[in-house]
Novice: 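Have a look at the structure that comes next, please.
Both ligands and their constituent atoms are indexed starting at 1 by order of listing.
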Amino acid sequence: MEENINALKSVLDKEYEDFESAVEKVQTLSELENIENRFIGKKSLVSEYLKNMGTLSGEFRPVAGKTINETRKKISERIFLIREEISLIEFDKKLRNEKSDLTLPGRKIKKGSKNIISQIIEEIEMFFIGLGYEIAEGPEIETDYYNFEALNHPPDHPARSLHDTFFIDENILLRTHTSPVQIRYMEKHKPPVYVIAPGKTYRKDYDVTHTPMFTQIEGLAVDKDINFGNFKWTLETFVHAIFGKDRKIRFRPHYFPFTEPSAEVDVSCNMCKGSGCRICSYSGWLEILGAGMVDPNLYKFVGYDAEEVNGFAFGVGIERIAMLKYGINDLRMFFDNDLRFLNQF
Ligand code: PHE
């Protein structure tokens, strides 16, 4: 740099003129950035001059520094203003481009829905909650004690073989019904007991009406003066709530080790109104649940006084209810995850 202030000034004036004519045509922020680099960036003339200040004589240095800084400031202020202006223009342009086209058809949102089995469980729960029942749960991996022994199946009881049980070892198994929850609940609660227990159950079975995993709801009522009339009323009211008031029910004698007397409960066939058809195997009736008065033997296992209390219990197969309610003829469809099937409910 020549140590002559006029010469320096005219170089800087020329630089500023170049800057002005470059900046005049600027349209975008990135173009402006290039110009900023060129005129006040690290490699610009102004920056080079400032870097070399140390080589100038002591007298010339402050005069030169002031002049160079003035030019730098002028350029940078100008850039600041232009940047504001371009930003506004670009923002405005962006908004214009983003304008929604309200005439476009909307995109469909795919909604999930509750599985039919869950819907029926909820429906049954609501009914029994309305009667004052509580909801209980138990483990799906059970011990032989809760699944069989405390439900009045001694070790060599033939009824054990009716359940095609998945054993994990001699003592541990996948529960074959929700009845073990009866024992677990009574162990922890004193009577009166009004409880229902929904959950998954497992048996080695696989055909049109059986799957290895299926769903049951257990019901248990134990209180001081429970009789067969209460039992019948409860199940009849339940069936009417789920299937409609026009359906009849009947109690067919049956055997379960943990109820005495025991019954299977049938509901009248809706297809033929009881006159007999293919759906009900020409009997006019469809089986929907197993039930009975609690066998007093069970009370010994849970520390209740069999002289003091009575009760009834029932076990409902949820898939079966769903099949009958909606006329589904293959149980396996519930577990195939075919949306064409599931979306119908
Ligand atoms: N647990 C029985 C079953 O799965 C049903 C049942 C429950 C019967 C309660 C009587 C009382 O077959």
Side-chain angles (χ1 to χ4, degrees), residues 117 121 124 128 133 135-140 142-153 157-166 173-186 193-205 209-223 226-228 230-236 238-239 249-267 286-299 301-302 304 309-324 331:
I117 301 299
I121 290 179
I124 297 177
F128 280 102
Y133 282 64
I135 297 173
E137 275 186 359
E140 288 168 32
E142 255 307 356
T143 59
D144 183 275
Y145 177 79
Y146 287 108
N147 197 80
F148 290 125
E149 206 179 321
L151 286 166
N152 214 19
H153 299 66
H157 197 285
R160 284 178 176 233
S161 60
L162 297 177
H163 297 225
D164 304 286
T165 311
F166 286 109
L173 45 83
L174 298 181
R175 67 176 176 193
T176 57
H177 49 179
T178 41
S179 300
V181 187
Q182 291 188 32
I183 303 297
R184 288 182 174 276
Y185 193 86
M186 286 193 284
V193 162
Y194 291 91
V195 68
I196 53 165
K200 295 192 170 90
T201 49
Y202 302 85
R203 286 181 207 179
K204 280 192 233 164
D205 237 340
T209 50
H210 298 88
T211 48
M213 190 277 285
F214 58 104
T215 320
Q216 285 191 336
I217 280 197
E218 192 78 8
L220 176 69
V222 180
D223 205 340
I226 290 205
N227 57 40
F228 204 85
N230 306 135
F231 170 50
K232 250 190 111 175
W233 178 88
T234 304
L235 290 182
E236 201 161 28
F238 162 65
V239 168
I249 65 166
R250 74 169 181 190
F251 286 62
R252 213 167 5 88
H254 197 72
Y255 172 75
F256 297 107
F258 37 95
T259 45
E260 180 58 35
S262 303
E264 273 187 335
V265 177
D266 297 341
V267 57
L286 300 155
E287 178 206 324
I288 53 160
L289 58 91
M293 301 302 290
V294 176
D295 190 313
N297 257 344
L298 261 62
Y299 298 136
F301 286 95
V302 297
Y304 285 8
V309 291
N310 278 311
F312 61 81
F314 52 90
V316 191
I318 303 300
E319 287 81 3
R320 194 158 171 82
I321 299 275
M323 287 170 86
L324 297 177
L331 185 67

Novice: Taking the six-membered ring of Tyr146, is the NZ or CZ of Arg184 close enough (under 6.0 Å from the centre) and on axis enough (within 45°)?
Specialist: yes
Novice: What atoms of ligand 1 come within less than 4.0 Å of a heavy atom belonging to Arg203?
Specialist: 3 (C), 4 (O), 12 (O)
Novice: For atom 6 (C) of ligand 1, find the nearest protein heavy atom and state the residue, atom name and distance (0.1 Å precision).
Specialist: Gly290 O, 3.6 Å
Novice: If you measure from each non-hydrogen atom of Phe314 to ligand 1, which part falls under 4.0 Å: side chain, backbone, both or neither?
Specialist: backbone
Novice: Determine, step by step, whether Phe128 and Tyr194 satisfy the ring-ring contact (aromatic ring centres under 6.0 Å, His included) criterion, reporting the C-alpha distance in whole Å, the side-chain angles of both residues, the deciding distance to 0.1 Å, and the verdict.
Specialist: CA-CA 9 Å; Phe128 280 102; Tyr194 291 91; over 10 Å; no
Novice: Find out whether Phe228 and Pro261 are in side-chain contact, i.e. whether some heavy atom of one side chain is under 4.5 Å from a heavy atom of the other.
Specialist: yes
Novice: So, the side chain of Arg320 versus the backbone of Glu287: is there a donor-acceptor pair under 3.5 Å, distance only?
Specialist: yes
Novice: Hey, what do you get for CD (Glu218) to CD (Gln182), rounding to the nearest 0.5 Å?
Specialist: 4.5 Å
Novice: Quick one: does Thr201's side chain have a donor or acceptor within less than 3.5 Å of a partner on Phe214's backbone?
Specialist: yes
Novice: Can you list the ligand 1 atoms lying under 4.0 Å from a non-hydrogen atom of Ser179?
Specialist: 1 (N), 7 (C)
Novice: Strictly distance-based, threshold 3.5 Å: is any side-chain N or O of Glu137 a donor or acceptor partner for the main-chain N or O of Gly199?
Specialist: no
Novice: Are Phe301 and Phe258 close enough that their ring centers fall under 6.0 Å?
Specialist: no
Novice: Before signing off on this row, confirm whether Gln216 and ligand 1 have an N or O atom pair separated by under 3.5 Å.
Specialist: yes
Novice: To which protein heavy atom is atom 9 (C) of ligand 1 closest, and what is the distance rounded to 0.1 Å?
Specialist: Glu218 OE2, 3.3 Å
Novice: Any atoms of ligand 1 less than 4.0 Å from a non-hydrogen atom of Gly315? List them with their elements.
Specialist: 6 (C), 7 (C), 9 (C)
Novice: With backbone taken as N, CA, C and O and side chain as the heavy atoms from C-beta onward, which portion of Ala291 lies under 4.0 Å from ligand 1: side chain, backbone, both, or neither?
Specialist: backbone
Novice: Output the list of atoms in ligand 1 that are nearer than 4.0 Å to some heavy atom of Ala313, sorted by atom number.
Specialist: 9 (C), 11 (C)
Novice: Are any non-hydrogen side-chain atoms of Leu151 and Ile183 less than 4.5 angstrom apart?
Specialist: yes
Novice: Examine ligand 1 and decide if any of its atoms is less than 4.0 Å from a heavy atom belonging to Phe312.
Specialist: no
Novice: With only distance considered, is Thr176 within less than 3.5 Å of ligand 1 through an N or O on each side?
Specialist: no
Novice: Once you restrict to heavy atoms under 4.0 Å, what part of Met293 touches ligand 1? Side chain, backbone, both or neither.
Specialist: neither
Novice: Compute the shortest N/O to N/O distance between Gln182 and ligand 1 and return yes if it is under 3.5 Å, no if not.
Specialist: no
